[in-house]
Amino acid sequence: QQQVKQSPQSLIVQKGGIPIINCAYENTAFDYFPWYQQFPGKGPALLIAIRPDVSEKKEGRFTISFNKSAKQFSLHIMDSQPGDSATYFCAAIGGTSYGKLTFGQGTILTVHP
Amino acid sequence: NAGVTQTPKFQVLKTGQSMTLQCAQDMNHEYMSWYRQDPGMGLRLIHYSVGAGITDQGEVPNGYNVSRSTTEDFPLRLLSAAPSQTSVYFCASSYSLRVGGYTFGSGTRLTVV
């Protein structure tokens, strides 16, 4: 079963828009939630991450919002640019399998000029 | 540092053939993992390791074997290739999944005919 569910599968915005990607999880033992960015032909790279005791984290134009009671978290990209066009993955780690990083299904983001 | 090196970059196999995908890292990372990426399915964990001599199964381990005899190398073996194993395979390594996250290789595109 998918332990981290991500939506939407794809997203198209205009330059300057604020795309929002949502993730939900079921395992309450998860204690660290990173987001990865992947450009075509490349491996994913860590973008930003949050722990469940924090409700929001910002790094540049990227913001994670976290709702622990709802077991949901989301990525917001402020003032999106065509260079942000990529696939974004949420992920989670925690519990007894401390070496195991579980990814969501991914969101293909396209930012039009 | 070369980072995470995967070989080969492309491979075509016939059904029933076996092969090994190589992965090497020169960063002295303890954590290593193999993922497969398929459209709409995200990154699914095949096997992972938390140190030399220690491996464990991920979400989709059937048809794959791994070993971790050294810190640097984490090969993935396909025992008897099937068309369902057509995918892009990524190897990743990390010093700490909660600090810095995974460094991914550039991937191996495998086609089984």
Side-chain angles (χ1 to χ4, degrees), chain A residues 1-10 21-27 29-54 57 59 62 64 86-108, chain B residues 2-6 9-10 21 23 25 29-61 66 68 71 74 87-109:
Chain A
Q1 73 276 22
Q2 194 77 30
Q3 291 200 49
V4 181
K5 295 183 178 180
Q6 183 172 348
S7 63
Q9 189 170 358
S10 62
I21 303 171
N22 300 299
C23 287
Y25 64 97
E26 297 178 357
N27 187 348
F30 286 147
D31 62 2
Y32 186 73
F33 300 87
W35 286 85
Y36 282 74
Q37 179 188 53
Q38 183 184 30
F39 292 106
K42 304 290 187 182
L46 179 65
L47 181 64
I48 186 173
I50 196 168
R51 298 183 186 274
D53 54 347
V54 176
K57 183 173 182 180
E59 286 188 6
F62 299 92
I64 302 177
T87 300
Y88 292 83
F89 294 96
C90 61
I93 186 170
T96 56
S97 301
Y98 65 93
K100 187 175 176 181
L101 183 63
T102 300
F103 284 90
Q105 297 94 324
T107 297
I108 301 171
Chain B
V4 179
T5 302
Q6 288 185 239
K9 293 190 182 302
F10 301 93
L21 306 185
C23 176
Q25 52 92 7
H29 286 170
E30 292 295 328
Y31 296 95
M32 296 189 75
S33 289
W34 276 101
Y35 290 88
R36 59 177 289 174
Q37 184 173 15
D38 304 287
M41 302 294 290
L43 291 156
R44 292 183 292 171
L45 182 63
I46 305 172
H47 287 282
Y48 66 102
S49 169
V50 299
I54 307 169
T55 64
D56 204 350
Q57 296 182 349
E59 305 164 65
V60 289
V66 292
R68 185 94 180 272
T71 298
F74 191 42
S87 186
V88 180
Y89 291 84
F90 286 101
C91 177
S93 75
S94 178
Y95 167 75
S96 167
L97 294 183
R98 291 173 176 80
V99 178
Y102 264 129
T103 298
F104 279 80
S106 57
T108 295
R109 184 173 293 275

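Letters go in sequence order (proteins before strands), and every chain restarts at 1.
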I need the A:Gln3 CD to B:Leu45 CG distance, nearest 0.5 Å.
10.5 Å
Turns out that what part of A:Pro44 lies under 4.5 Å from chain B's heavy atoms comes down to both
What part of B:Gln37 is in contact with chain A, defined as an atom under 4.5 angstrom from a non-hydrogen atom: side chain, backbone, both or neither?
side chain
Rounded to the nearest 0.5 Å, the OH atom of A:Tyr32 sits from the OG atom of B:Ser96 at a distance of 7.5 Å
How about A:Gln9: does its CD atom have over 12 heavy atoms from other parts shown lying under 6.0 Å from it?
no
For B:Tyr102, is there any backbone N or O sitting under 3.5 Å from a side-chain donor or acceptor partner on A:Tyr36?
yes
Between atom OG of B:Ser94 and atom CD1 of A:Ile93, what is the distance when rounded to the nearest 0.5 Å?
8.0 Å
How long is the span from the OG1 atom in A:Thr102 to the OH atom in B:Tyr35, to the nearest 0.5 Å?
6.5 Å
Are side-chain heavy atoms of B:Arg98 and A:Asp31 found at a separation under 4.5 Å?
yes
OH/B:Tyr95: more than 12 non-hydrogen atoms of other groups inside 6.0 Å:
no
Okay, B:Leu97 and chain A: the region with an atom under 4.5 Å from a heavy atom over there is both
Any side-chain heavy-atom pair of B:Asp56 and A:Lys100 under 4.5 Å:
no
A:Gln38, part contacting chain B, at a heavy-atom distance under 4.5 Å:
side chain
